[in-house]
*Asks:* 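Next up is a structure, given as structure tokens.
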Amino acid sequence: MMLAALIRKEAREILRDPITLGTAIFLPLVLLFLFGYGVTLDVEDVPMAVYDQDKSQDSARLVEAFTRSGYFRLKHDLDSVRQLGDVMDRGQATLALIIPHDFSEDLRAGNKATVQIILDGTFSATALIVSNYATAIVNRYSTETAVKALAARGAPPLPHVTAVSRVWYNAPMKSVNYIVPGLFAVLLMAFPPMLTALSIVREKERGTIEQIYVSPVSSPTFILGKIIPYGAIAFLEMLLILSVGTLWFHIPFQGSLMLLLATSLLYVLVTVGIGVFVSTITRTQLAAMLLSLLITLMPSFLFSGFLFPIASMPYLFQFYTYFFPARYFNDISRDIFLKGLGLEYLWGNVALLLAYTVILFVLASLRFRKKVA
């Protein structure tokens, strides 16, 4: 009965502040669209500059091989090295292709023909992908040219090995299919902890918490009374961003919806539990907001595997990621969405989230009991 009364009290407090409630529910949608459209790891339509000193049919076919690939867009046809430096300095081209004046002559003589590729390495990850695309295009052009040359001489084509690639889990290799499922972990770690922490600290500042101190309500009951209403709001957030993220961005869903919802509910309890714990160690709303952002939002971006693969981090930081629950739910969400994995593969991460929930609840209850004492 006491728990039900606490839940009703908290629900009334939430409904009295519709602006905060609306912000809590719809601001994650704003961030979903911002990240869904603004963060992309795909490389396409790369601005390209060409300095063709040969001006031959062979060099023209090489340039066409770049533009026909769909990855590059010819923006600058240069006449001098000075122009090349100016275009690259201004950031008007990510890649520059320099074809020497003896390019076609070397090809027809059967000699090794060399072209130079200059990359803007400001964004190293993008530059690496662009470099791989450019190298693949040049290699394919080289093979086609060699085959044509042999055919023209009446020689049989040389045997060669062809690799046939097949991509699993994200066949179109669209980064949005990878980013949006990871966003669920980040967005749920951003707002529910902060809102929950502010609700309890607000009672401290107003003095209404004293009524709880002198009441027969136990610490676990009070903590549950805070977790359940805000957990319901956070789960509503999850349903909203899940629906919009999947339907709007057309993310393929391969796994069990019930398993995703069940693990989402568990993750929601973790995020709200963090907010409750933060509220027990802070006295002001400003301190609660700053601390909750410090231990939730920033680590979830950096150490959950949302944008940066954990395997590529230094070993010390890889160990550090195990302290953040966003890492576990990020793996769960992507594995269910893209791989269609079941509980038999995900039980480890689920168990860690469950342990995280229990530990937070116990710590918050013990910390609140100290306050009563």
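Since we're looking at a predicted model, the values are computed, not measured. If you read the sequence from its start, that first residue is 1, and numbering goes on from there.
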*Asks:* Check salt bridge (charged side-chain N to carboxylate O under 4.0 Å, His left out) between Asp89 and all other residues, then give those that pass, not counting sequence neighbours.
*Replies:* none

*Asks:* Can you sort out the partners of Glu64 under salt bridge (charged side-chain N to carboxylate O under 4.0 Å, His left out), two or more places apart, ordered by chain and number?
*Replies:* Arg68

*Asks:* Assign the ring pair Tyr320 / Phe324 to parallel, tilted or perpendicular, where the plane angle (0 to 90°) is split at 30° and 60°.
*Replies:* perpendicular

*Asks:* Could you walk me through whether Asp86 and Gln83 pass the side-chain contact (heavy atoms from CB on, under 4.5 Å) check?
*Replies:* CA-CA 5 Å; Asp86 185 60; Gln83 284 184 333; 5.6 Å; no

*Asks:* For Arg82, check salt bridge (charged side-chain N to carboxylate O under 4.0 Å, His left out) against everything at least two apart and list the hits.
*Replies:* none

*Asks:* Taking all heavy atoms of Ala93 and all of Val87, pick out the closest pair and write down the distance.
*Replies:* CB-CG1, 3.6 Å

*Asks:* Does a salt bridge link Asp58 with Arg61, judged by any charged N lying under 4.0 Å from a carboxylate O?
*Replies:* yes

*Asks:* Clusters formed by hydrophobic residues whose side-chain heavy atoms approach within less than 4.5 Å: which one holds Leu316, and what are its other members?
*Replies:* none

*Asks:* Can a donor-acceptor pair be found, under 3.5 Å and without considering hydrogens, that links the side chain of Ser243 to the backbone of Leu239?
*Replies:* yes

*Asks:* Is there a donor-acceptor pair closer than 3.5 Å between any side-chain N or O of Ser142 and the backbone N or O of Val138?
*Replies:* no

*Asks:* Rounded to the nearest 0.5 Å, how far does CE of Met88 lie from OG1 of Thr94?
*Replies:* 7.5 Å

*Asks:* What orientation do Phe306 and Phe301 show, parallel under 30°, tilted 30 to 60°, or perpendicular over 60°?
*Replies:* perpendicular

*Asks:* Look at the side chain of Tyr267 and the backbone N and O of Pro325, then say whether any donor-acceptor pair between them is shorter than 3.5 Å.
*Replies:* no

*Asks:* Please report the shortest heavy-atom distance between Pro229 and Leu224, naming the atom on each side.
*Replies:* CD-O, 4.3 Å

*Asks:* Of all heavy-atom pairs between Tyr356 and Phe323, which one has the smallest distance, and what is that distance?
*Replies:* OH-O, 2.6 Å

*Asks:* What is the distance from atom CG of Leu119 to atom OG of Ser131, rounded to the nearest 0.5 Å?
*Replies:* 5.0 Å

*Asks:* Is the backbone N or O of Phe66 less than 3.5 Å from a side-chain atom of Ser69, with the two atoms forming a donor-acceptor pair by type?
*Replies:* yes

*Asks:* For Pro181, is there any backbone N or O sitting under 3.5 Å from a side-chain donor or acceptor partner on Arg334?
*Replies:* no

*Asks:* Output, in order, the C-alpha distance, side-chain angles, deciding distance and verdict of side-chain contact (heavy atoms from CB on, under 4.5 Å) for Leu353 and Ile332.
*Replies:* CA-CA 11 Å; Leu353 285 180; Ile332 291 172; 3.9 Å; yes

*Asks:* Measure across Ile251 and Val176 and return the closest heavy-atom pair with its distance rounded to 0.1 Å.
*Replies:* CD1-O, 3.5 Å

*Asks:* About how many Å separate CD of Gln254 and CG of Leu338, when rounded to the nearest 0.5 Å?
*Replies:* 7.5 Å

*Asks:* So does Ala197 get a backbone contact from the side chain of Tyr230, meaning a donor-acceptor N/O pair under 3.5 Å?
*Replies:* no

*Asks:* Drop me the distance from Leu352's CG to Phe329's CZ, to the nearest 0.5 angstrom.
*Replies:* 14.5 Å

*Asks:* When rounded to the nearest 0.5 angstrom, what distance separates CD1 in Ile228 from CD1 in Ile223?
*Replies:* 11.5 Å

*Asks:* Using the side-chain contact (heavy atoms from CB on, under 4.5 Å) criterion, which residues pair with Met313? Sequence neighbours excluded.
*Replies:* Phe303, Phe308, Ile310, Phe317, Gln318, Thr321

*Asks:* So, taking the atom named CG in Leu290 and the one named CD1 in Ile295, what distance separates them when rounded to the nearest 0.5 Å?
*Replies:* 11.5 Å

*Asks:* Counting distance only, does the side-chain N/O of Thr246 pair as donor-acceptor with the main-chain N or O of Leu242 below 3.5 Å?
*Replies:* yes

*Asks:* Using atom types as modelled and distance alone, determine if a side-chain donor or acceptor of Asp102 lies under 3.5 Å from a backbone N or O of Glu105.
*Replies:* no

*Asks:* Does Asp54 have any salt bridge (charged side-chain N to carboxylate O under 4.0 Å, His left out) partners at least two apart in sequence or in another chain, and if so, which?
*Replies:* none

*Asks:* I would like to know whether Tyr71 and Val130 meet side-chain contact (heavy atoms from CB on, under 4.5 Å); could you show each step before the answer?
*Replies:* CA-CA 8 Å; Tyr71 297 117; Val130 170; over 6 Å; no

*Asks:* With no hydrogens and no angle check, do the side chains of Asn330 and Ser304 hold a donor and an acceptor under 3.5 Å apart?
*Replies:* no

*Asks:* Working note: Leu346 + Asp335, criterion side-chain contact (heavy atoms from CB on, under 4.5 Å); need CA distance, chi angles, decisive distance, verdict.
*Replies:* CA-CA 8 Å; Leu346 304 176; Asp335 286 346; 3.6 Å; yes

*Asks:* So, does Thr67 use its side chain to make a donor-acceptor pair with the main chain of Arg73 at under 3.5 Å?
*Replies:* no

